[in-house]
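I have placed the structure first, in the form of structure tokens, so that the comments after it can refer back to it.
Lettering follows sequence order; numbering is per chain, from 1.
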Number of protein chains: 2
Amino acid sequence: MTAEPTPTRREELLRIAARLFAEKGFRNTTVRDIADAAGILSGSLYHHFDSKESMVDEILSTFQEELFGQYDEILASDDDPRARLERAVLVSFDAIDRHHDEVAIFQNDAAYLLTFDRFAYLGERNRQSREVWMTLLRSGVDAGVLRDDLDLELTYRFIRDTVWVAVSWYRPGGRRTHTEIAQQYLSILLEGIERG
Amino acid sequence: MTAEPTPTRREELLRIAARLFAEKGFRNTTVRDIADAAGILSGSLYHHFDSKESMVDEILSTFQEELFGQYDEILASDDDPRARLERAVLVSFDAIDRHHDEVAIFQNDAAYLLTFDRFAYLGERNRQSREVWMTLLRSGVDAGVLRDDLDLELTYRFIRDTVWVAVSWYRPGGRRTHTEIAQQYLSILLEGIERG
DNA sequence: GTCTATAGTATGATAGAC
DNA sequence: GTCTATCATACTATAGAC
């Protein structure tokens with residue numbers, strides 16, 4: 001991890017794999033697909049990685065570490081509840097922008113990967129994510145900024161779903177920046193679509 | 001289609017297949033899985049169906065026909081814009097409740113299936129769905145019921161995403177009915193989560 | 001309507017040469 | 001670091017007996 005013999009090649013292969021996993025799904029991507037895209041033969045991949053699972057493992061765990069570091073920063077900050085909620089939404093859309101493939105893989109294949117012991121940490125991350133959002137929502141309600149008649153569990157799910165599923169249609173470099181999308185979403189979430 | 005020799009057995013097999021496709025994904029479900037669950041051998045399935053694709057085809061097309069019939073009813077009604085939007089959301093959550101497997105399959109596997117010519121109608125249904133929601137939103141804005149500063153395209157995507165992705169966590173018979181969930185969601189969508 | 005048996009193909013992974 | 005060659009397994013689908 002810290003002193004890889006040939007970090008560049010390894011990372012390049014991971015990037016290629018991530019792209020394919022995101023596009024076609026983990027199970028639907030063969031090691032031959034990855035090797036083809038990299039311009040080598042499938043057997044050669046095993047010089048770099050133990051297995052296909054090792055690849056997706058490294059892709060996801062690296063990404064999650066960064067993302068949850070950002071959530072932790074928000075929770076540790078002394079911003080007011082509304083600002084913290086906004087930052088959390090912005091950070092998430094930023095992840096969709098900068099780590100599109102990783103988010104897509106997590107969205108599409110986490111349920112399957114979770115059936116293996118080595119990916120149990122993905123379930124732990126899910127719980128951690130729930131804690132982040134629930135904490136933000138609760139402090140918003142406590143501070144009187146958010147409605148107190150909401151089912152917070154449902155509210156959390158709606159926020160989580162809407163934010164992350166955007167990876168299925170958002171494309172970096174498209175008509176709207178991820179920041180514009182995040183702000184439009186926050187406007188709907190906070191104020192609703194009804195007039196008045 | 002209209003005068004099947006043994007409609008009951010066929011439908012039973014489709015129900016079993018739908019359950020498995022929804023649980024594990026279309027590609028990740030083998031014909032042996034389906035046959036095992038039905039208590040027969042894999043070869044016997046081909047007495048009833050041409051292929052695995054034929055099965056998912058019949059499952060999805062039947063479901064879509066019903067769902068879009070309901071949307072058409074809403075569009076044809078003379079309810080006011082707000083009521084029509086509410087009905088569309090309720091009908092969608094109702095589909096998640098009554099056709100859980102079908103919605104899950106469509107959510108998870110439509111992108112893959114769309115790569116085959118025979119599933120082109122799924123893309124057509126996607127366009128149709130967009131038309132339904134955009135029509136509802138536009139008439140809401142025109143009637144002065146909805147905010148006129150919204151990016152309707154984004155608003156449509158947020159609504160669609162949040163509604164349908166609920167199939168990933170909603171379980172019939174759970175703590176909240178699908179109607180309660182739909183109403184809570186409508187409340188957030190229309191009024192926002194901010195106090196005031 | 002289901003079984004036996006199997007064809008033909010694709011997959012993840014390995015061993016050893018270069 | 002990549003290639004050649006291949007193993008063992010799993011898959012969809014078919015043919016014909018019962």
Which label fits Tyr121(B) and Phe119(B): parallel for a plane angle under 30°, tilted from 30 to 60°, or perpendicular past 60°?
tilted

So, is His47(A) near the phosphate of dT2(D), with a side-chain N or O under 4.0 Å from OP1 or OP2?
no

How does protein contact run along nucleotides 13-18 of chain C, one letter per nucleotide 5' to 3', with B for base contact, S for sugar-phosphate only, - for none, heavy atoms under 4.0 Å?
BB----

Here's one to test your reading of the geometry: is the NZ or CZ of Arg160(A) within 45 degrees of the ring axis of Trp133(A) and under 6.0 Å from its centre?
no

Check the orientation of Tyr185(B) and Phe158(A). Use parallel for under 30°, tilted for 30 to 60°, and perpendicular for over 60°.
tilted

Whether Arg84(A) side chain and Gly140(A) backbone form a donor-acceptor pair below 3.5 Å
no

Expressed as a whole number of angstroms, how long is the span from Asp33(A):CG to dT11(C):C1'?
11 Å

Is the closest basic N to carboxylate O distance between Glu180(A) and Arg175(A) below 4.0 Å?
no

Pick the nucleotide of DNA chain D nearest each of Leu13(A) and Thr30(B); which residue has the one closer to the 5' end?
Leu13(A)

Given 3.5 Å as the limit, does a donor-acceptor pair link the side chain of Thr62(A) with the main chain of Ile59(A), or not?
no

When you check the gap from the basic side-chain N to the acidic O, do Glu131(A) and Arg127(A) get nearer than 4.0 Å?
no

Phe21(A) has an atom CZ; how far is it from atom C1' of dG12(C), in whole Å?
12 Å

Using a cut-off of less than 4.0 Å, is there contact between a side-chain N or O of His48(A) and OP1 or OP2 of dT2(D)?
yes

Do the side chains of Leu137(A) and Val132(A) join up, straight or via other hydrophobic residues, at under 4.5 Å, putting them in one cluster?
yes

Leu45(A) CG to dT11(C) P: how many Å, rounded?
14 Å

Kindly state which residues belonging to residues 34-41 of chain A come within less than 4.0 angstrom of DNA chain D, counting heavy atoms of the residue only, listed by number.
Ile40(A), Leu41(A)

Please give, in whole Å, the distance from dT2(C) C1' to Phe49(B) CZ?
15 Å

Between P of dT12(D) and CG of Leu20(B), the distance in whole Å
12 Å

Rounded to the nearest angstrom, tell me the gap between atom CZ in Arg27(B) and atom P in dA10(D).
18 Å

dG1(D) P sits how many Å from Glu12(A) CD, rounded?
12 Å

Going by the angle between their ring planes, with limits at 30° and 60°, are Tyr170(B) and His178(B) parallel, tilted or perpendicular?
perpendicular

Regarding Thr29(A), tell me which of base, sugar-phosphate or nothing describes its non-hydrogen contacts under 4.0 Å with the strands shown.
sugar-phosphate

